[in-house]
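Both backbone and side-chain heavy atoms feed into the values below; hydrogens, waters and symmetry mates do not.
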Amino acid sequence: MLNIIIFGSPGAGKGTQAQLIAKKYKLVHLSSGEILRQKRGQGELGRKISLYQDQGRLVPNSLIIKTMDSAINHQSLTQGLIFDGYPRNLAQVKALARALKKHNQEISIVLNLQLNQNQAIQRILLRGQSSGRLDDNLKTLKSRFQVYRIQTAPLIKYYRNQNKLINIDGQPTIQTIFKEIDKILKKL
Ligand code: AP5
Ligand code: MG
């Protein structure tokens with residue numbers, strides 16, 4: 001079964017490409033950011049999530065790992081999964097591997113969307129005009145990128161060492177990027 005991680009900085013295009021991939025390859029799209037946003041209204045848990053998201057910090061591992069484990073266990077696992085925004089640090093990498101292993105599954109490939117920070121910021125600020133996302137502003141973005149650089153980007157090396165990493169140029173149009181990804185996935 002095909003289980004993909006779509007990786008990249010804030011605004012690199014993870015959500016956009018994940019949707020297209022999920023549709024074509026009939027995968028379940030699990031976006032950690034989206035799953036958390038859906039819980040923002042829910043009492044104490046929701047308040048906690050909002051606090052972290054609005055500051056551009058990672059929610060605690062205990063919370064996100066439990067949330068994603070439960071999202072994985074809710075699937076019938078007759079279809080592959082595409083993870084968008086998860087994992088973001090080594091503890092999450094290990095937790096994801098464990099959760100998949102319980103279903104005799106593993107990550108097949110990590111697609112690393114590469115986009116420079118200036119372009120990513122431009123795209124996010126444009127989206128911010130209509131997204132309603134409270135973290136789509138310059139101040140929060142600074143912290144989101146810092147968190148990405150320090151905590152998340154090191155995972156690139158980890159997956160490269162596992163021979164699972166493929167770099168994808170995130171600069172061209174959405175369709176051009178998707179064609180590139182499609183070419184790679186077709187060969188798997
Ligand atoms: P999350 O929701 O994951 O946000 P993010 O990683 O900052 O990434 P974005 O969703 O902003 O960007 P994207 O890469 O999906 O790009 P998109 O396709 O939308 O996380 C938000 C927060 O939740 C975190 O800060 C944290 O607090 C919490 N969280 C989430 N996961 C967590 C975890 N694992 N652990 C702890 N906390 C966690 O594209 C961006 C824009 O560009 C769009 O408008 C799109 O239309 C446009 N666009 C896309 N591709 C192109 C293109 N090729 N050309 C032109 N425009 C394009
Ligand atoms: Mg996203």
Side-chain angles (χ1 to χ4, degrees), residues 4-22 29-42 44-69 71 81-96 107 110-160 165-174 177 181:
I4 301 174
I5 293 173
I6 187 111
F7 196 87
S9 76
K14 301 184 295 295
T16 304
Q17 294 300 327
Q19 266 188 23
L20 296 171
I21 298 166
H29 178 190
L30 295 177
S31 160
S32 52
E34 203 48 54
I35 293 170
L36 292 170
R37 277 188 285 281
Q38 280 165 15
K39 295 183 188 291
R40 281 170 69 106
Q42 297 173 14
E44 193 46 46
L45 174 71
R47 266 193 296 280
K48 195 170 175 185
I49 291 170
S50 305
L51 187 77
Y52 285 95
Q53 283 195 323
D54 296 352
Q55 292 181 356
R57 294 161 61 205
L58 297 185
V59 305
N61 278 333
S62 53
L63 195 168
I64 188 68
I65 288 172
K66 206 166 127 197
T67 302
M68 295 306 286
D69 277 2
L81 307 172
I82 178 159
F83 295 92
D84 155 13
Y86 187 78
R88 271 169 137 103
N89 57 35
L90 201 57
Q92 296 180 18
V93 166
K94 299 274 155 85
L96 174 58
I107 291 299
V110 179
L111 301 170
N112 178 32
L113 282 170
Q114 298 181 301
L115 187 67
N116 72 53
Q117 186 170 327
N118 285 340
Q119 281 175 296
I121 288 176
Q122 292 315 315
R123 287 184 188 174
I124 291 176
L125 291 180
L126 194 67
R127 178 184 63 192
Q129 295 170 8
S130 57
S131 68
R133 273 179 63 170
L134 292 174
D135 60 346
D136 281 352
N137 61 73
L138 262 184
K139 185 163 178 268
T140 312
L141 268 174
K142 242 182 115 177
S143 141
R144 284 163 65 189
F145 276 98
Q146 194 179 15
V147 166
Y148 172 75
R149 267 196 310 276
I150 296 171
Q151 303 190 47
T152 307
L155 302 186
I156 292 173
K157 200 171 158 197
Y158 179 90
Y159 284 117
R160 192 190 296 129
L165 191 87
I166 307 265
N167 288 325
I168 308 281
D169 181 6
Q171 290 191 70
T173 64
I174 293 171
I177 298 169
I181 292 176

I'd like to check the side-chain contact (heavy atoms from CB on, under 4.5 Å) partners of [X]; sequence neighbours left out, ordered by chain and number.
X	value
Pro154	none
Leu125	Ile121, Leu138, Leu141
Gln92	Asn61, Ile64, Ile65, Tyr86, Pro87, Arg88, Asn89
Arg47	Glu44

Measuring from [X]:[atom1] to [Y]:[atom2], what's the distance to the nearest 0.5 Å?
X	Y	atom1	atom2	answer
Ile4	Ile82	CD1	CD1	4.5 Å
His29	Ile35	NE2	CD1	8.5 Å
Leu165	Tyr158	CG	OH	13.0 Å
Leu63	Leu36	CG	CG	7.0 Å
Leu113	Asp84	CG	CG	9.5 Å
Tyr148	Leu155	OH	CG	8.5 Å

Would you name the heavy atoms of [X] and [Y] that are closest together and state the gap between them?
X	Y	value
Tyr52	Leu58	CD2-O, 3.3 Å
Ile177	Gly170	CD1-O, 3.4 Å
Ser143	Gly56	OG-O, 3.1 Å

Which residues pass the side-chain hydrogen bond (donor to acceptor under 3.5 Å, both in side chains) test with [X], sequence neighbours left out?
X	value
Ser130	none
Arg40	Gln53, Asp54
Gln171	Gln119
Thr152	none

Flag the pair Gln114 / Asp169 as yes when at least one side-chain heavy-atom distance between them is below 4.5 Å, and no otherwise. no
With sequence neighbours excluded, give me every salt bridge (Lys or Arg N to Asp or Glu O under 4.0 Å) pair touching residues 56-68. none
Which pairs pass salt bridge (Lys or Arg N to Asp or Glu O under 4.0 Å) with one or both residues in residues 118-128, sequence neighbours excluded? Arg127-Asp136
Side chain to side chain contact (heavy atoms under 4.5 Å, CB included), paired with Asn112, selected from Ile168, Ile166, Ile156: Ile156
Return all side-chain donor-acceptor pairs below 3.5 angstrom for residues 10-20, not counting sequence neighbours, or 'none' if the list is empty.
residue: Lys14; atom: NZ; partner: Gly8; partner atom: O; Å: 3.3
residue: Lys14; atom: NZ; partner: Ser9; partner atom: O; Å: 3.0
residue: Gln17; atom: NE2; partner: Ile174; partner atom: O; Å: 3.1

